[in-house]
Number of protein chains: 2
Amino acid sequence: MPRGNCQGQGWWHGKFRGCGYRLTEGREAILDILAKSEGHLSAEDIYMKVHPKYPNVGLTTIYRTLDVLSGLGMVYKLDFGDGRARYELAEGPKGAHHHHHLVCTDCNKVIDYTDFIDEEVELLRETEKGLGKKYNFKITNHVIQFYGLCGKCSGKK
Amino acid sequence: MPRGNCQGQGWWHGKFRGCGYRLTEGREAILDILAKSEGHLSAEDIYMKVHPKYPNVGLTTIYRTLDVLSGLGMVYKLDFGDGRARYELAEGPKGAHHHHHLVCTDCNKVIDYTDFIDEEVELLRETEKGLGKKYNFKITNHVIQFYGLCGKCSGKK
DNA sequence: TTAGTAATGGAAATCATTTTCAATAAGCTT
DNA sequence: AAGCTTATTGAAAATGATTTCCATTACTAA
């Protein structure tokens with residue numbers, strides 16, 4: 001039962017089982033919500049959405065599951081600076097929806113953007129390669145985020 | 001006494017006073033520590049360093065001051081994913097030490113790097129301009145951070 | 001000096017996230 | 001299908017960083 005670096009491919013069940021994790025009702029429910037919500041959900045958001053259908057899944061399990069998922073690279077844990085972590089499903093098998101975030105520091109609104117992604121991906125590739133070699137780092141992830149004021153907040157009183 | 005967007009230039013005293021903030025012993029002490037420590041200090045780290053010399057400066061004041069400083073753009077508030085915020089002085093008048101972070105997700109070691117900054121700055125400039133226009137966002141800041149395993153941790157058991 | 005208000009610290013309060021622990025359930029083995 | 005091993009669970013309690021309260025102190029300007 002390998003438990004460490006299980007970054008293989010395959011979806012859902014396979015990924016879980018292959019790493020020695022058990023596939024439980026609660027975990028599937030959480031994955032389900034994440035998949036259909038397309039948002040940036042906090043642990044509690046998820047709890048709220050899971051609870052009606054699975055009243056016996058507790059907040060603790062949500063946190064634990066998110067931890068596992070993020071460890072497996074299936075979920076990104078995000079920080080928008082408002083004191084609670086947000087989670088979103090990592091892009092599916094296709095790597096389809098690669099995007100980054102634009103955060104309003106006033107109202108906390110978050111915009112997903114996909115502009116400039118090509119140039120960015122290019123830079124990231126180079127940077128990761130360069131940094132990895134220079135600092136002997138095995139880079140697994142990155143965060144790019146812009147902060148500022150959205151139209152509404154920038155035109156406030 | 002304007003209190004809002006005080007992003008003018010000028011250093012220290014001027015910046016403070018100009019925004020209606022008072023320059024107190026505690027605030028200077030904190031700025032001092034940040035200036036000479038060149039690190040990524042947590043509120044408590046700062047408290048520890050300030051306390052010997054100014055035993056009457058409390059943790060609460062540290063937090064409050066860091067909040068003000070970060071609001072003024074004099075300090076960056078960073079999140080390395082270990083549950084406590086870190087702070088570092090924004091680059092001085094010169095914009096000299098622009099850098100980003102490489103974070104080991106295992107031992108939490110943080111490396112500051114300045115490689116690829118030129119290309120990056122170029123991309124950022126474009127991105128900020130493009131996003132700002134498209135989403136009507138007034139971008140004030142950004143975060144770029146890479147996560148991975150440092151040499152030591154990647155070669156662990 | 002005096003009034004008006006910013007700033008302070010210590011204690012208490014918040015609040016997201018973790019830990020503890022006994023009970024339960026998954027998935028392998030037979 | 002039944003047993004067995006061990007991952008998983010929920011509820012309650014613990015944790016720990018950050019905030020809030022509030023009465024006191026210290027600037028600043030007139």
Side-chain angles (χ1 to χ4, degrees), chain A residues 1-4 6 12-31 40-48 50-72 75 77-87 108, chain B residues 1-4 6 12-31 40-48 50-72 75 77-87 108:
Chain A
M1 301 77 178
R3 222 11 164 4
C6 280
W12 243 248
H13 299 64
K15 193 146 194 171
F16 255 96
R17 310 290 300 282
C19 292
Y21 289 110
R22 293 176 184 172
L23 196 46
T24 64
E25 179 183 72
R27 287 175 175 176
E28 284 205 277
I30 294 169
L31 238 5
H40 318 107
L41 287 64
S42 67
E44 191 157 9
D45 289 340
I46 297 173
Y47 176 72
M48 295 306 211
V50 166
H51 197 258
K53 210 166 184 178
Y54 303 88
N56 46 332
V57 172
L59 227 200
T60 309
T61 294
I62 308 276
Y63 275 109
R64 274 186 294 223
T65 299
L66 289 170
D67 225 43
V68 170
L69 291 173
S70 124
L72 288 174
V75 154
K77 183 177 183 179
L78 309 167
D79 166 54
F80 294 149
D82 65 341
R84 64 184 57 197
R86 308 286 173 155
Y87 301 84
N108 286 316
Chain B
M1 301 76 176
R3 220 14 164 358
C6 280
W12 244 251
H13 300 63
K15 192 145 193 172
F16 256 95
R17 310 293 297 283
C19 292
Y21 290 110
R22 294 174 184 172
L23 194 47
T24 63
E25 180 183 73
R27 287 176 174 176
E28 284 205 278
I30 293 169
L31 238 5
H40 318 107
L41 287 65
S42 67
E44 191 156 9
D45 289 339
I46 297 173
Y47 176 72
M48 295 306 212
V50 166
H51 197 258
K53 212 165 182 179
Y54 302 89
N56 46 331
V57 172
L59 228 202
T60 308
T61 294
I62 308 278
Y63 275 108
R64 274 186 295 224
T65 299
L66 289 171
D67 224 43
V68 169
L69 291 173
S70 124
L72 287 174
V75 154
K77 183 177 183 179
L78 309 167
D79 167 54
F80 294 149
D82 66 342
R84 65 181 58 195
R86 308 286 173 155
Y87 301 85
N108 285 316

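Since the model is a prediction, treat every value here as computed from it, not as a measurement.
Nucleotide C:dT8 holds its C1' atom 16 Å from the OH atom of B:Y21, rounded to whole Å. If you take CG of A:D79 and P of C:dA16, they are 14 Å apart, rounded to a whole angstrom. Here the P atom of nucleotide D:dA11 and the OH atom of A:Y47 are 7 Å apart, to the nearest Å. Residue A:L23 contributes atom CG, which lies 21 Å from atom P of D:dT6 at whole-angstrom precision. Protein atom NZ of A:K77 is 7 Å distant from nucleotide atom P of C:dT17, rounded to whole Å. As a whole-Å value, the separation of B:D82 CG from D:dT18 P is 9 Å. Atoms CG (B:N56) and P (C:dT8) sit 11 Å apart, rounded to a whole Å. Atom CD1 in A:I30 sits about 12 Å away from atom P in D:dT8, given to the nearest Å.
Rounding to the nearest 0.5 Å gives a distance of 10.5 Å between OG1 of A:T24 and OH of A:Y54. Distance CD1/B:I62 to CD1/B:I46: 6.5 Å, rounded to 0.5 Å. Rounding to the nearest 0.5 angstrom, the gap separating the CD1 atom in B:I30 from the OH atom in B:Y47 is 11.5 Å. Here NZ of A:K15 is found 10.0 Å from CG of A:L69. Values are rounded to the nearest 0.5 Å. Separation of atoms CG (A:D79) and CZ (A:R86) is listed at 10.0 Å; rounding is to 0.5 Å. For the atom pair CG (A:L31) and CZ (A:F16), the distance works out to 6.0 Å, reported to the nearest 0.5 Å.
Ranked by how close their nearest DNA chain C nucleotide is to the 5' end, B:T24 and A:R17 are led by B:T24. Sequence order on DNA chain D of the closest nucleotides to B:E25 and B:R86 puts B:R86 first from the 5' end.
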Check the pair A:F80 / A:L78 against side chain to side chain contact (heavy atoms under 4.5 Å, CB included), numbers first and verdict last.
CA-CA 6 Å; A:F80 294 149; A:L78 309 167; 3.8 Å; yes

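Residues B:H40 and B:Y87 keep their aromatic ring centres 6.0 Å or farther apart.
B:R27 has a side-chain polar atom (N or O) that falls below the 4.0 Å cut-off from OP1 or OP2 of C:dA7. Under 4.0 angstrom from either OP1 or OP2 of D:dT18 there lies at least one side-chain N or O belonging to B:Y63.
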Short N/O separations, protein against nucleotides 20-26 of chain D, under 3.5 angstrom:
none

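Proximity of A:H51 to A:V57: side-chain heavy atoms (C-beta onward) are nowhere separated by under 4.5 Å.
For A:E44, counting side-chain heavy atoms from C-beta on, the closest listed nucleotide (D:dT9, D:dA17, C:dA16) is C:dA16.
Stem regions annotated for DNA chain D: C:1-30 with D:1-30, counting only runs of 3 or more consecutive pairs of Watson-Crick or G-U type with both contacts under 3.5 Å.
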